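One structure is given below, encoded as structure tokens.
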Number of protein chains: 2
Amino acid sequence: MKPGGHSEAVEMYLKSLAVLGGARQPVAVAQLAEKLQVTTVSANEMLHRLSRDGLVTHQPYRGFQLTEAGRETAWDVIRRERLWERFLVDQLKLDPARAIGWACQLEHATAPEVIEALDGFLQYPATCPQGQPIPRSADDAVHGEGRMLSEAEIGERVRLTAFDDEDPEVLTYLQRQGLAIGQVVSVVEMGPRRSPLTLRLENGQAVIGRDLALTIQTERVA
Amino acid sequence: MKPGGHSEAVEMYLKSLAVLGGARQPVAVAQLAEKLQVTTVSANEMLHRLSRDGLVTHQPYRGFQLTEAGRETAWDVIRRERLWERFLVDQLKLDPARAIGWACQLEHATAPEVIEALDGFLQYPATCPQGQPIPRSADDAVHGEGRMLSEAEIGERVRLTAFDDEDPEVLTYLQRQGLAIGQVVSVVEMGPRRSPLTLRLENGQAVIGRDLALTIQTERVA
DNA sequence: CCACATTAGAAGGTAAACCTTATTTTCACA
DNA sequence: TGTGAAAATAAGGTTTACCTTCTAATGTGG
Ligand SMILES: [Mn+2]
Ligand SMILES: [Mn+2]
Ligand SMILES: [Mn+2]
Ligand SMILES: [Mn+2]
């Protein structure tokens, strides 16, 4: 047993459940299996074990959902991950896109005392490098609540507040395009349907697909 | 597989082998089993697996010894542990006695890039909080080479350079006695045989058993 | 030199997480 | 309302790292 009393595998299932479904909706086995890179049979097996242990509930043919106990642990794992991300990026100056993977290792090997001390050392950061909130009080959300970039109107100026996609390829791509958290952009052009968005940046321009814009949280700028 | 390609269990066996026997002598199974808190049968099993994989050699009825490959990994694990110890103690201000255990978790979850960045962040420290060297070039020693406190003569002034015993109880005891790495002490009194030593500290006095004094490295002071 | 503790090995077992292949159940929607 | 995809279950297998109990070999100290 690791620090929190759960194995690394269990922690990963719980974390994924929280990220994919939050407290709201149940998550389909196939989705979990996809994210964790295991077969659906393996995911099923594990999820039943978690159900047996009271960490998730199962609505057959609908999906699995965290219980209060499960959410508790998931929340804690996410907290550990995001604090480590901050440390790796801010203090060690490592690449944010790759830091996620490294933090995902460290998160399972970190005792509560260490995480609390790290939190203080970093001066209680509010978000991870991708802009997602670092949960601190018992029922903090796992995801930000911003309006998605894809919903912006032409000419509107918005600030990028969070990237929901954690794929290093995607994050590196965004970085290359000059898009960063905190950055203010305005939508110059946006075709109908699934067509890409053209953005004006502080210096320069960027074009990104609608699918990607759907994973970027924003807030209105005065 | 963890960062270095070896499981946590394997890394712990290799590290222990290095600490207990270095490159010099073979280590008895019973000693390993004791340190790792497993049965001798389990230790035997595992050591044979390591032997099969070319990480250790076995001289029947004499013990197991690291090969070059095994030493390589052991050295790296020790390096990771000691760098984390430094971070936990110096930056996070955590108790050195307990930091060892926490570092022993983190050491198995740390990618090479992270360790190199951490090393730089800490400005390439030479030793861990207990004074043991942090290996950096390929064939650095795992242990310091100081003269043991138990060999000091009466009236002699020595500086404490390293504590070999990693038991948190022991380290806490030493701390309570006012003994710290770097501290200069002089031997006031020392009975014959296994009798305790009386030391004069910068401010105060301390009495410690001969067994304990046997685990404390020192260097002569001008 | 021989007894006894240490070391080795043999046999069988557990639990966690994975896997594959195959079958059955159910839901959604066309 | 029937059917096909998704979900669930069944069955059997693997690897790692533990465990216990028992027996056999060995090297050293008295
Ligand atoms: Mn993880
Ligand atoms: Mn993040
Ligand atoms: Mn360890
Ligand atoms: Mn140390």
Side-chain angles (χ1 to χ4, degrees), chain A residues 1-17 20-21 25-66 70 73-74 77 104-105 107-109, chain B residues 1-17 20-21 25-66 70 73-74 77 104-105 107-109:
Chain A
M1 295 300 183
K2 294 273 161 158
H6 294 297
S7 71
E8 175 170 338
V10 168
E11 287 193 345
M12 286 307 287
Y13 274 86
L14 296 178
K15 182 175 89 167
S16 301
L17 244 350
L20 294 176
Q25 346 126 40
V27 179
V29 188
Q31 212 182 346
L32 252 295
E34 161 68 17
K35 166 150 269 206
L36 295 172
Q37 297 278 78
V38 296
T39 63
T40 58
V41 181
S42 292
N44 220 270
E45 234 172 38
M46 176 61 112
L47 285 163
H48 278 291
R49 228 174 302 155
L50 297 183
S51 176
R52 186 243 295 152
D53 298 346
L55 296 166
V56 304
T57 54
H58 186 205
Q59 299 162 259
Y61 294 97
R62 306 231 61 236
F64 289 84
Q65 200 166 349
L66 292 170
T73 298
V77 177
C104 187
Q105 315 248 108
E107 70 190 354
H108 311 290
Chain B
M1 294 301 182
K2 294 273 163 159
H6 295 297
S7 71
E8 175 169 339
V10 167
E11 287 193 346
M12 286 307 287
Y13 275 87
L14 296 177
K15 183 176 89 167
S16 301
L17 244 350
L20 294 175
Q25 346 125 40
V27 180
V29 189
Q31 212 181 348
L32 251 296
E34 161 68 16
K35 167 151 271 210
L36 295 172
Q37 298 277 78
V38 295
T39 63
T40 59
V41 181
S42 293
N44 220 269
E45 235 172 36
M46 176 62 111
L47 286 163
H48 279 290
R49 229 175 300 158
L50 297 182
S51 177
R52 185 241 295 154
D53 297 346
L55 296 165
V56 305
T57 55
H58 185 205
Q59 297 163 261
Y61 295 97
R62 307 230 60 238
F64 289 84
Q65 200 165 351
L66 291 170
T73 299
V77 177
C104 188
Q105 316 248 107
E107 69 190 353
H108 311 291

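The chains referred to below are lettered A, B, ... by the order of the sequence lines, with proteins before strands, and numbering in each begins at 1. What you see is a predicted model, and the numbers here were worked out from it, not measured in a lab.
- One can place CG of A:Asn44 at 15 Å from C1' of C:dT21, the figure rounded to the nearest angstrom.
- Once rounded to the nearest 0.5 Å, the distance linking CG of B:Leu14 with OG1 of B:Thr73 reads 6.0 Å.
- Looking at B:His6 and B:Leu55, their side chains come closer than 4.5 Å, going by heavy atoms from C-beta outward.
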Let me see the working for B:Val10 and B:Met46 under side-chain contact (heavy atoms from CB on, under 4.5 Å), right down to the final yes or no. CA-CA 8 Å; B:Val10 167; B:Met46 176 62 111; 4.1 Å; yes
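- A:Lys15 NZ to A:Glu107 CD: the interatomic distance, rounded to the nearest 0.5 Å, is 3.5 Å.
- Shortest non-hydrogen contact noted between B:Gly63 and B:Pro26 is C-CB, 3.8 Å.
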Got a list of protein N/O to nucleotides 3-5 of chain C N/O distances below 3.5 Å?
none

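- Legend: residues meeting side chain to side chain donor-acceptor pair (under 3.5 Å) with B:Ser16, ordered by chain and number and at least two apart, are absent.
- Candidate nucleotides D:dT9, C:dG9, C:dA17 were compared by shortest atom distance to the side chain of A:His48, and D:dT9 ranks first.
- The side chain to side chain donor-acceptor pair (under 3.5 Å) check on A:Thr40 picks up nothing, with sequence neighbours excluded.
- The distance from atom CG of B:Leu36 to atom OH of B:Tyr13, rounded to the nearest 0.5 Å, is 5.5 Å.
- Summarising the geometry, the separation between OH on A:Tyr13 and P on C:dA17 is reported as 9 Å, rounded to the nearest angstrom.
- A heavy atom closer than 4.0 Å to some atom of DNA chain D occurs in B:Tyr61, these being the qualifying members of residues 52-65 of chain B.
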Start with the C-alpha distance between A:Glu11 and A:His108, add both sets of side-chain angles, then the distance that settles side-chain hydrogen bond (donor to acceptor under 3.5 Å, both in side chains), and finish with yes or no. CA-CA 8 Å; A:Glu11 287 193 345; A:His108 311 290; 2.7 Å; yes
Please test B:Phe64 against B:Val27 for side-chain contact (heavy atoms from CB on, under 4.5 Å), starting from the C-alpha separation and ending with a verdict. CA-CA 5 Å; B:Phe64 289 84; B:Val27 180; 5.7 Å; no
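- Taking atom CE of residue A:Met46 and atom C1' of nucleotide C:dA15, one finds them 12 Å apart after rounding to whole Å.
- Screening residues 45-65 of chain B for side chain to side chain donor-acceptor pair (under 3.5 Å) gives B:Asn44-B:His48 as the qualifying pairs, with residues at least two apart or on separate chains.
- Look at CD on B:Glu8: it is 14 Å from C1' on D:dC18, rounded to the nearest Å.
- Residues from residues 25-35 of chain A lying near DNA chain D, meaning a heavy-atom separation below 4.0 Å, are A:Ala28, A:Val29, A:Ala30 in numerical order.
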Give me the distances for all protein-to-nucleotides 19-21 of chain D N/O pairs that come in under 3.5 Å?
unit_1, atom_1, unit_2, atom_2, d
D:dC19, OP1, B:Thr39, N, 3.4
D:dC19, OP2, B:Thr39, N, 3.2
D:dC19, OP2, B:Thr39, OG1, 3.1
D:dC19, OP2, B:Ser42, OG, 2.1
D:dC19, N4, B:Glu45, OE2, 3.1

Just do the side-chain contact (heavy atoms from CB on, under 4.5 Å) check on A:Met12 and A:Cys104 with the steps written out, would you? CA-CA 9 Å; A:Met12 286 307 287; A:Cys104 187; 3.4 Å; yes
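- One atom, CG of A:Leu36, and another, P of C:dC19, lie 10 Å apart when rounded to the nearest Å.
- Within a 6.0 Å sphere centred on CD of B:Glu34, heavy atoms belonging to other residues, nucleotides or ligands number 12 at most.
- Here A:Arg49 does not reach the OP1 or OP2 of C:dA16: none of its side-chain N or O atoms lies under 4.0 Å away.
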